[in-house]
Amino acid sequence: MKIGILLKEGPYNHQAADSAYQFIQAARKRGHEIESVFFYNDGVNNAANKAEPPQDDRNIYQRWSDLGAEGVNILVCVAAAKRRSINEEILIENATITGLGQLTDIAIRADRLVTFGD
Amino acid sequence: MKIGILLKEGPYNHQAADSAYQFIQAARKRGHEIESVFFYNDGVNNAANKAEPPQDDRNIYQRWSDLGAEGVNILVCVAAAKRRSINEEILIENATITGLGQLTDIAIRADRLVTFGD
Amino acid sequence: MLHTINQSPFRGDSLTSCIRFIQADDPILFMEDGIYAVQHGNKFNEIISNLSKTNPIYALSPDIKARGIQNVLAEVKQIDYDGFVELVENHQVNSWL
Amino acid sequence: MLHTINQSPFRGDSLTSCIRFIQADDPILFMEDGIYAVQHGNKFNEIISNLSKTNPIYALSPDIKARGIQNVLAEVKQIDYDGFVELVENHQVNSWL
Amino acid sequence: MREEDGEIIKDFMYVMRRAPHGTIYTYEGLEMVLISAAFDQDISIAFIDDGVYSLLKDQDTEDLQIKGFVKTFKALDGYDVEKLYVDRQSLEERGLSEDDLIVDVEVLESAEIGKLMAKQDVVIHN
Amino acid sequence: MREEDGEIIKDFMYVMRRAPHGTIYTYEGLEMVLISAAFDQDISIAFIDDGVYSLLKDQDTEDLQIKGFVKTFKALDGYDVEKLYVDRQSLEERGLSEDDLIVDVEVLESAEIGKLMAKQDVVIHN
């Protein structure tokens with residue numbers, strides 16, 4: 001199955017980013033294609049590259065970058081990003097800033113859209 | 001009176017940053033000293049310098065920077081900032097990254113501590 | 001001690017919780033989405049009315065205006081940010097997040 | 001349609017709202033802080049028990065474990081992320097944020 | 001879900017369940033609706049719980065120096081987003097009636113909205 | 001507020017009113033408490049509403065790959081943070097008792113906590 005993910009909260013502050021990641025890992029293990037992960041609202045904060053999370057904790061930013069390297073589209077809404085001080089200069093690797101229309105496009109193409117947020 | 005401000009949410013996503021700013025303006029007009037504004041939790045996102053908010057809307061980041069230029073200490077918690085990808089490289093002008101102990105220090109020195117958050 | 005409430009009473013539990021801990025005569029200020037608590041005609045009217053017998057109740061007028069609330073309960077005093085600061089001059093602050 | 005609830009029922013209104021709109025036989029998954037709704041002994045037990053007569057109820061086990069909830073209501077089936085994905089295979093998803 | 005001229009057309013329901021202004025979710029949710037309207041899908045919006053407050057008349061954020069967006073709801077019609085459902089119980093608990101709202105909506109019982117919700121291909125909460 | 005050897009000592013109450021894990025507020029709130037403990041102020045923590053869930057025994061976030069912090073509550077004693085007040089009503093509504101909690105606390109009626117709260121110089125909600 002083709003599954004799209006919508007993530008609406010920032011990393012660490014809310015569990016949504018963790019839940020989305022765990023869901024994606026399990027879905028891929030069951031043979032599904034995670035076509036895209038779309039960051040909206042504070043979710044765009046997942047795509048910033050200046051973080052230094054505690055050594056003994058997970059690195060949420062790195063997870064998204066790694067997923068991107070494995071072929072999952074990591075998409076960041078440009079309008080939400082501009083409000084929240086995220087731009088190309090400070091973007092994690094393998095993520096793309098794109099228009100909000102992409103989300104509708106994903107919802108149309110994918111068999112499922114699963115939202116994680118507050 | 002000496003008043004300290006604690007801001008716990010990011011700009012635009014929550015009204016807290018606006019409420020804090022309006023309160024500060026009114027307090028200064030009444031002759032009070034806003035000694036420091038301390039950003040904690042997602043509040044640290046107020047201190048990033050890559051934003052381009054819509055032209056017809058207020059620029060929350062610029063407000064903090066301007067307050068800093070007027071002598072208000074704009075303080076960003078380092079531990080919270082590291083988790084949220086805020087560092088010296090992308091800091092708004094007139095803000096300072098500092099330890100969480102500063103907040104207790106403000107609370108001791110100031111006559112009032114007013115919290116804005118979710 | 002000044003208590004501020006900024007959550008909608010329909011969504012959060014700040015209002016009911018604050019009422020449990022507040023002391024008589026302590027002022028309460030409703031702001032941001034907390035404003036909906038003092039809108040005339042909704043299901044929280046009785047709670048607010050009872051509360052007003054023991055505690056002075058304020059609501060932040062720019063937040064009321066922003067939300068288009070036409071009928072604020074008569075027991076509630078509307079103040080602007082200048083009034084908010086005045087309350088803070090007279091009380092320590094307890095923000096019920 | 002699969003309904004997911006991730007807010008504590010003590011703080012948010014997702015649970016009561018979801019119940020008003022859900023169709024019979026639609027599964028509900030409690031996750032994150034939503035987990036507290038299915039803890040044995042709290043004031044939401046009756047609501048969950050009634051709901052279980054018409055709707056299959058699931059709760060995400062890693063979220064239960066994280067929160068130290070020892071007694072989950074018997075009417076609730078505990079599943080891991082693999083089980084969550086399986087539910088998504090069979091249903092469109094409605095996340096009550 | 002159906003196909004028209006080889007294009008997939010899905011039923012999208014956006015659920016507005018939060019108060020405006022206190023958080024950005026309603027505003028950014030509305031932006032989502034407007035942009036998705038260009039995709040010729042079958043779009044509806046359900047206003048339930050505090051979401052009904054989004055539609056109140058005479059909201060004026062000028063004193064807060066916050067950009068208002070409530071008038072944008074009036075523009076939905078021009079984007080062919082015409083299915084605006086409002087939950088009757090949510091209105092009543094808030095002492096509101098249809099006359100208090102800025103746009104024409106269809107006020108429905110929760111059960112009716114529930115049935116419509118169940119038929120959607122995509123449901124997104126703001 | 002009092003003075004000791006020319007130093008100001010204030011009464012600080014940290015209010016924990018949220019569930020752990022779903023959001024970071026409890027975790028970062030706890031960091032705030034620990035750091036403020038170094039300042040020799042008069043510190044207390046009030047656990048009310050969902051905040052009482054923070055203190056449950058046997059919380060294990062390993063399967064979520066999230067760093068746990070509940071054991072840190074046990075360390076509070078070592079930082080001389082000993083005034084931990086728990087609201088009885090919050091416990092009861094959740095079917096919990098003192099035995100379910102990971103640290104020794106003082107279970108009080110809401111009215112008693114309210115009186116303590118009223119005496120504080122600084123109240124910070126997490």
Side-chain angles (χ1 to χ4, degrees), chain D residues 1-37 43-44 46-60 63 83-97, chain E residues 1-2 8-20 22-30 32-33 41-42 44-54 85-94 106-126:
Chain D
M1 184 167 276
L2 169 67
H3 299 255
T4 70
I5 291 177
N6 74 334
Q7 279 174 13
S8 162
F10 290 94
R11 191 171 172 101
D13 59 357
S14 300
L15 172 60
T16 47
S17 191
C18 172
I19 290 175
R20 219 158 79 226
F21 295 92
I22 199 169
Q23 304 295 297
D25 301 323
D26 276 356
I28 307 181
L29 171 64
F30 290 95
M31 56 186 285
E32 297 177 2
D33 288 346
I35 287 298
Y36 296 113
K43 67 174 182 179
F44 293 96
E46 199 182 328
I47 291 174
I48 301 294
S49 275
N50 283 334
L51 192 58
S52 73
K53 290 170 192 155
T54 49
N55 296 77
I57 302 185
Y58 300 87
L60 204 55
D63 277 328
F84 183 1
V85 176
E86 200 180 334
L87 284 170
V88 172
E89 289 166 7
N90 296 318
H91 303 273
Q92 293 293 350
V93 187
N94 189 345
S95 304
W96 287 81
L97 305 183
Chain E
M1 193 160 81
R2 57 194 165 93
I8 295 171
I9 299 180
K10 287 188 171 180
D11 290 340
F12 279 68
M13 179 179 275
Y14 294 93
V15 181
M16 301 278 187
R17 219 166 64 75
R18 312 226 197 192
T23 54
I24 204 172
Y25 300 104
T26 308
Y27 180 14
E28 290 193 330
L30 190 54
M32 200 188 277
V33 175
Q41 303 292 301
D42 201 338
S44 61
I45 314 180
F47 296 88
I48 65 185
D49 298 329
D50 277 352
V52 303
Y53 281 132
S54 307
Y85 307 123
V86 170
D87 176 48
R88 185 184 306 280
Q89 182 176 331
S90 302
L91 279 182
E92 285 174 358
E93 285 175 350
R94 289 163 183 77
E106 209 172 328
V107 179
L108 298 175
E109 303 304 320
S110 306
E112 293 173 88
I113 293 177
K115 270 180 214 157
L116 291 168
M117 202 176 253
K119 285 193 289 188
Q120 303 299 312
D121 300 301
V122 180
V123 177
I124 300 178
H125 287 240
N126 76 322

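Throughout, a chain's letter reflects where its sequence line sits, starting with A, and its residues are numbered from 1. Predicted, not measured: the structure shown is a model, and the values here were computed from it. These numbers come from the heavy atoms of this one structure, side chains and all, not from hydrogens, waters or symmetry mates.
The parts of A118(E) that come within reach of chain D are both its backbone and its side chain, each placing non-hydrogen atoms under 4.5 angstrom from that chain. Of the two parts of I22(D), neither the backbone nor the side chain holds a non-hydrogen atom closer than 4.5 Å to a non-hydrogen atom of chain E.
Residues forming a side chain to side chain donor-acceptor pair (under 3.5 Å) with D33(D) (at least two apart in sequence, or on another chain): R67(D). Shown here are the side chain to side chain contact (heavy atoms under 4.5 Å, CB included) partners of I19(D), two or more places apart in sequence or in another chain: L15(D), I47(D), L51(D). Checked against ring pair (Phe, Tyr, Trp, His ring centres under 6.0 Å), F47(E) has the following partners two or more places apart in sequence or in another chain: F73(E).
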Using only the distance criterion (under 3.5 Å, no hydrogens considered), which donor-acceptor pairs connect chain D with chain E?
{"residue": "D13(D)", "atom": "OD1", "partner": "R17(E)", "partner atom": "NH1", "Å": "2.9"}
{"residue": "S14(D)", "atom": "OG", "partner": "R17(E)", "partner atom": "NH2", "Å": "3.2"}
{"residue": "S17(D)", "atom": "OG", "partner": "D49(E)", "partner atom": "OD2", "Å": "2.5"}
{"residue": "R20(D)", "atom": "NE", "partner": "Q89(E)", "partner atom": "OE1", "Å": "3.3"}
{"residue": "R20(D)", "atom": "NE", "partner": "S110(E)", "partner atom": "OG", "Å": "3.2"}
{"residue": "R20(D)", "atom": "NH2", "partner": "D87(E)", "partner atom": "OD2", "Å": "2.4"}
{"residue": "R20(D)", "atom": "NH2", "partner": "S90(E)", "partner atom": "OG", "Å": "3.1"}
{"residue": "Q23(D)", "atom": "NE2", "partner": "G114(E)", "partner atom": "O", "Å": "3.3"}
{"residue": "N94(D)", "atom": "OD1", "partner": "H125(E)", "partner atom": "NE2", "Å": "2.7"}
{"residue": "S95(D)", "atom": "O", "partner": "H125(E)", "partner atom": "NE2", "Å": "3.4"}
{"residue": "L97(D)", "atom": "O", "partner": "R17(E)", "partner atom": "NH2", "Å": "2.7"}

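Considering only heavy-atom pairs separated by less than 4.5 Å from chain D, the leading option among I48(E), L116(E), V122(E), I113(E) is I48(E).
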